[in-house]
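Working notes, structure below.
Here, residue 1 is the first one in the sequence, and each next residue gets the next number. When a ligand or atom number is given, it counts from 1 through the structure's own listing order.
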Amino acid sequence: MLRFTKRADYGLMAIHFIASHGDDGAVSAKRIAEEFRIGGTCVIRGCVPKKLMVYASRYKDQFADAAGFGWNLAAPSFDWPRLVAAKEKEISRLSAIYRDNLEKAGIAVEDGRAEIEDAYHVRLLGGGRKVSARIILISTGAAPVLEPDVPGREYAITSNEAFDLSELPKRMLIVGGGYIAVEFASIFARLGTEVSLAARGENLLRGFDDDMRTGLREGLARAGVKLNFGMLPTRIEKTPTGYRVSLTKGTRVDADQVMIATGRRPNTSGLGLEKAGVERDSLGAVKVDAFSKTNVESIYAVGDVTNRVALTPVAIREGHAFAETVFGGRPEAVVHSNIPTAVFSTPELGCVGLTEADARAKFDCVDIYLASFRPLKAALSGGQEKILMKIVADGATDRVLGVHILGEDASEMAQLLGIAVKMGAKKADFDATMALHPTSAEELVAMRTRTARFEREIAGPEGPDCGPLDEG
Ligand SMILES: Cc1cc2nc3c(=O)[nH]c(=O)nc-3n(C[C@H](O)[C@H](O)[C@H](O)COP(=O)(O)OP(=O)(O)OC[C@H]3O[C@@H](n4cnc5c(N)ncnc54)[C@H](O)[C@@H]3O)c2cc1C
């Protein structure tokens, strides 16, 4: 669900926010229809509960590290139902705040599913009412898919259920190699579950920088996650003690829970889009222009349902831009580049901008600055973790194209680096910035020695002007 700043008399919003008008055509109400719980995926079964569980899982390392700093602790034990209950209390609190804010903003909250009837009408299934709307905003998000479609897949859970398991599984198989699979593998492994992960590819986290992917893969293996690459389930069978999963290549894994995290699909099925003539792409996502408008004049769509960049801040920004465009008289298109991103595994990955591979595909000269070091804390804790940092710069202009960090607080650093990269900072600006000592982040302004330069091979005078090679 999206959060909008209140603006008086915005005649909005979606199928999740609908502005209806009376018979005289005047805007008489703003409505939001929600079929599950106010707060949407992020608050109820996404970012927020996930991060709470990440915090819970990291105590394992912190208890172990404490001994090196002189602490004597009794052997810690973990109570999963207590964590689930605490998490539930917090998301219920947040959900209530959102509902309250909507009501204070004069928005009618319709509990129940909504479906589009035509360009100007929505059916509210809760009470069977049909309401009219000058503008309809679809922000119905996305839902996990249970794929591959193999016998027994109905036994598997998705991230939706993983947050509320009645007990902590002793053995768990997670299927998928994307950020949701990786984060849950990291969480459950630290909470005490024996975790196996099966992914179709030969590495985790397709689309992220290759050095970070390898570092993260090593980190997961260190945490005890058994990694099975190039493998997907072919069958899931129930056994007296749990489930037996057959994987391609003949491997078998026994588990108490099987979690499928192979992707998410936009929530457009049965929404009535055909009746209204709203176009979708091959994945079912609502097609929109740069201003989030569909091919139907009165219908807009934002967030995961449009499958642009499926992240909460992006959905929120698209919602703001929609409001400015339609009701504020200031058309605004959202720029979907240089979005800071994190994977909240342990070690954590934070990044902004282009990966090395993307930069090399797009630019003629690419400079790489790579550092790997043990954090100061590890000197006493004895921890094996390393921090990996990479700056990707355009060799011709010195502009920083991307920064990638693997290690503690990487997400916090990525958020701030996002400002510098967005502003077009050069590598020389990083070098000119005074270090803050002792921190891990200071390495970002101390990476003076270029570790690699890649020049596109273009023969003759057309070749790239990458500047001198000996300055790094
Ligand atoms: C496990 C997990 C972890 C994540 N972690 C992060 C993270 O760390 N950082 C980040 O930025 N993003 C994260 N995301 C992604 C983030 O949750 C989504 O990008 C964001 O919630 C999208 O917002 P939205 O408003 O488009 O859709 P949603 O938040 O999904 O909201 C859509 C709402 O519409 C309701 N709905 C659907 N159909 C109807 C209908 N017909 N009638 C009425 N209501 C309907 C749904 O119940 C839902 O509440 C995570 C997602 C998951 C699943």
Quiz item: Quick one: which ligand 1 atoms are inside 4.0 Å of a heavy atom on Phe344?
Solution: 8 (O)
Practice problem: Between Ser139, Gly40, Cys42, flag the one that comes closest to atom 32 (C) of ligand 1 by a heavy atom. | Solution: Ser139
Self-check item: Heteroatom distance test (Glu34, ligand 1): nitrogen or oxygen, under 3.5 angstrom
Solution: yes
Self-check item: Polar atom proximity, Glu35 to ligand 1 (N or O, under 3.5 Å)
Solution: yes
Practice problem: Considering non-hydrogen atoms only, spot the tightest contact between Gly39 and Tyr98 and give its length. | Solution: CA-CD1, 4.1 Å
Quiz item: How close do Met413 and Ser440 get, heavy atom to heavy atom, and via which atoms?
Solution: CE-CB, 4.4 Å
Practice problem: Look at Glu274 together with Arg280 and state whether they make a salt bridge at an N to O cut-off of under 4.0 Å. | Solution: yes
Practice problem: Check ligand 1 against Ala33 and write out every atom of the ligand that is under 4.0 Å from a heavy-atom position of the residue. | Solution: 43 (C), 44 (N)
Self-check item: Ring-face cation of Arg45 near Phe36 (centre distance under 6.0 Å, axis angle within 45°)
Solution: yes
Quiz item: Which atoms of ligand 1 sit under 4.0 Å from any heavy atom of Pro313?
Solution: 11 (O)
Quiz prompt | ligand 1 atoms in contact with Gly112 (distance to a heavy atom under 4.0 Å) | solution = 43 (C)
Quiz item: Going by the atom numbers of ligand 1, which of them fall below 4.0 Å from some non-hydrogen atom of Thr312?
Solution: 10 (C), 11 (O), 12 (N), 16 (C), 17 (O), 18 (C), 19 (O), 20 (C), 21 (O)
Exercise. Among Asp209, Val421, Val392, Leu354, find the one that has a side-chain contact (heavy atoms from CB on, under 4.5 Å) with Val403.
Key: Val421
Self-check item: Non-hydrogen atom of Lys50 closer than 4.0 Å to ligand 1
Solution: yes
Self-check item: Thr355 and His404, any side-chain heavy atoms less than 4.5 Å apart
Solution: yes
Quiz item: How are the rings of Phe184 and Phe188 set to each other: parallel, tilted or perpendicular (split at 30° and 60°)?
Solution: parallel
Practice problem: Tell me yes or no: between the side chains of Glu332 and Thr325, is some donor less than 3.5 Å from an acceptor? | Solution: no
Practice problem: Below 4.0 angstrom from a heavy atom of Gly303, which ligand 1 atoms are there? Numbered from 1 as shown, please. | Solution: 26 (O)
Exercise. Report the member of Ile180, Leu271, Leu124 with the shortest heavy-atom distance to atom 52 (C) of ligand 1.
Key: Ile180
Quiz item: Is there any N or O on Gly46 that sits under 3.5 Å from an N or O of ligand 1?
Solution: no
Quiz item: What atoms of ligand 1 come within less than 4.0 Å of a heavy atom belonging to Phe36?
Solution: 47 (O)
Quiz item: Relative to the heavy atoms of Leu311, which atoms of ligand 1 are at a distance of less than 4.0 Å?
Solution: 10 (C), 11 (O), 12 (N), 19 (O)
Practice problem: List the steps, then state whether salt bridge (Lys or Arg N to Asp or Glu O under 4.0 Å) holds for Glu218 with Lys386. | Solution: CA-CA 11 Å; Glu218 288 165 6; Lys386 279 195 175 162; over 6 Å; no
Quiz prompt | Minimum-distance pair of heavy atoms, taken over all atoms of Lys60 and Arg190 | solution = CD-O, 3.0 Å
Quiz item: Is the shortest distance from a heavy atom of Arg264 to ligand 1 less than 4.0 Å?
Solution: yes
Exercise. May I ask whether Ala162 places a heavy atom under 4.0 Å from ligand 1?
Key: no
Practice problem: List the steps and the verdict of salt bridge (Lys or Arg N to Asp or Glu O under 4.0 Å) for Asp254 and Arg244. | Solution: CA-CA 5 Å; Asp254 289 318; Arg244 169 157 292 184; 2.8 Å; yes
Self-check item: N or O pair under 3.5 Å between Glu183 and ligand 1
Solution: no
